[in-house]
Q: 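Take a look at the following structure, please.
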There are 2 protein chains.
Amino acid sequence: MARKPKLRTNAPDALKAKVLDVASELFQSQGYHATGMADIVKGAGVTAGGLHHHFPTKKAIGLAVLRERVRPAVAQTWITPVALAKSAAEGVEAVFAAITAELDAKKAVRGCPLNNLTLELSLADPDFRAEMAKTFAQWETVLAQRIRADGLRDADSAAVLVIAAYSGAMAMAKAEQSSEPLKICGRRLTQMLRTAA
Amino acid sequence: MARKPKLRTNAPDALKAKVLDVASELFQSQGYHATGMADIVKGAGVTAGGLHHHFPTKKAIGLAVLRERVRPAVAQTWITPVALAKSAAEGVEAVFAAITAELDAKKAVRGCPLNNLTLELSLADPDFRAEMAKTFAQWETVLAQRIRADGLRDADSAAVLVIAAYSGAMAMAKAEQSSEPLKICGRRLTQMLRTAA
DNA sequence: CAAGAAACAGGTCGTTCGGTCGGTTATGCG
DNA sequence: CGCATAACCGACCGAACGACCTGTTTCTTG
């Protein structure tokens, strides 16, 4: 039945990467349940069979997106910059500035990838929930370390507050389609970190 | 074809109320997209035809849930208690205490209804987004008024921070299935409101 | 360079989705 | 009491869903 012996090159890593790129993009802009396998297939330019060979289920894709896209994204935009900053206050200020600048540049506020998936999936599946909890825990740990290094008391609770305020501000920003809540919270959080130091 | 002339009583308001109760419960525990019309039909003990007569589409149910269940819930658990409290700090403290107590009593942390639906739907549909934005705005306004009445400066930004921290803490609580983030944020927020007063 | 393994193609399966339709029953009103 | 109208019933529809399976091509390795 070989009708069209279509040209092909085996590149499993590239295929996987493309699938995860497309899937994380779609999950971010539409949500997990609103995204169909067909959307991913079409967006990634892959066939259903090829996709199935690497990711047996949709859940496997979701988990991989969480581990290989969302978590690194949190590390890159939040954890590393704050850890390397001169002070926690300065780091938080820079992160909020970078994020609000990016939001203003685009047209739409699509929310924090971690929070989007957390609220949609953490109750639906224990594996998803474990993944998110782990990411949050890591985030808290590193941020608390940085705050403690500045000599602040209650570094742990401060870290939780910063992460919570950021997450919630992003949710409000998504609802209002404006970066204003983030700007406000960024300002108050850096001020809090500075005056306590 | 009248096989079973099943007993029936016309009670449109009761039917609507039951549908909204069940739908808001299901949306809260599973999410909007993960909840099918069949789930609502089964849970409410209604027929598909009866449901369709009052709610032409699923979206209509979602909007009604938002307006007639979620918004009143926010008003009842947050806005009214804070508005009536002796001080903003005391009000916020009481609200956080009530919510964490309720969470600890149940087994699962299901998140804030408003945030759950916001993150899932605000990008998908402008009508949904408008509804959420309105609810957030009202929340901000009343909270800021209460804070301002205590004589605090920057009451508006404080209100945004409080709401954001609450929302984000609930998201973290959902991921970790623990009321701890809420307790921590509640403590720090009331402390902030008190020392600034 | 054979031959087994891995990568990929793409059609198809059963299910569930949201929504519809013709028909029946209750109820308010004149 | 009659009857128009709203409330309600439940079988049914096409489309889309996630998953899968067989067959073919490419790679790897002894």
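Just the heavy atoms: all of them, side chains too, but no hydrogens, waters or symmetry mates, feed the values below. Every chain is numbered from 1, with letters handed out A, B, ... down the list of sequences.
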Q: Starting at the 5' end of DNA chain D, which residue's closest nucleotide do you reach first, A:T57 or B:H54?
A: B:H54
Q: What parts of residues 34-46 of chain A reach DNA chain D, counting only heavy atoms under 4.0 Å away?
A: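 Contacts with DNA chain D under 4.0 Å: A:T35, A:G36, A:M37.
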Q: The side chain of A:A48 is closest to which nucleotide in this list: C:dG10, D:dG10, C:dT27?
A: C:dG10
Q: What is the distance, rounded to the nearest whole Å, between atom OH of B:Y32 and atom P of C:dG18?
A: 8 Å
Q: Among all residues two or more places apart in sequence or in another chain, which pass the ring pair (Phe, Tyr, Trp, His ring centres under 6.0 Å) test with A:F55?
A: none
Q: For A:F96, what residues pass the ring pair (Phe, Tyr, Trp, His ring centres under 6.0 Å) criterion, not counting sequence neighbours?
A: A:W78, A:Y166
Q: When you check the gap from the basic side-chain N to the acidic O, do B:D154 and A:R187 get nearer than 4.0 Å?
A: no
Q: Is the phosphate of C:dA7 approached by A:H53 (side-chain N or O, under 4.0 Å from OP1 or OP2)?
A: yes
Q: Test: side chain to side chain donor-acceptor pair (under 3.5 Å). Region: residues 17-28 of chain B. Which pairs qualify, not counting sequence neighbours?
A: B:D21-B:R69, B:E25-B:R110, B:Q28-B:N116
Q: Rounded off to whole Å, could you give me the CG-to-C1' distance for the A:L51 and D:dC17 pair?
A: 14 Å
Q: Picking from C:dG19, C:dG10, D:dG18, which would you name as closest to the side chain of A:K58?
A: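 Between C:dG19, C:dG10, D:dG18, the one nearest the side chain of A:K58 would be D:dG18.
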Q: Are the charged groups of B:K16 and B:E68 less than 4.0 angstrom apart, N to O?
A: no
Q: So which of residues 10-27 of chain A are in contact with DNA chain D, with a heavy-atom cut-off of under 4.0 Å?
A: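 The answer is A:N10.
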Q: Mind listing the side-chain donor-acceptor pairs of residues 139-147 of chain A below 3.5 Å, one per line with the distance, residues two or more places apart or on another chain?
A:
from   : atom 1 : to     : atom 2 : distance (Å)
A:T141 : OG1    : A:A137 : O      : 2.8
A:R146 : NE     : A:A85  : O      : 3.3
A:R146 : NH1    : A:D150 : OD1    : 2.9
A:R146 : NH2    : A:A85  : O      : 2.9
A:R146 : NH2    : A:K86  : O      : 2.6

Q: Working note: B:L63 + B:K59, criterion side chain to side chain contact (heavy atoms under 4.5 Å, CB included); need CA distance, chi angles, decisive distance, verdict.
A: CA-CA 6 Å; B:L63 247 21; B:K59 175 177 166 178; 4.0 Å; yes
Q: Check A:K183, A:R188, A:Q191 against B:S157 for a side-chain hydrogen bond (donor to acceptor under 3.5 Å, both in side chains) and give me the one that passes.
A: A:R188
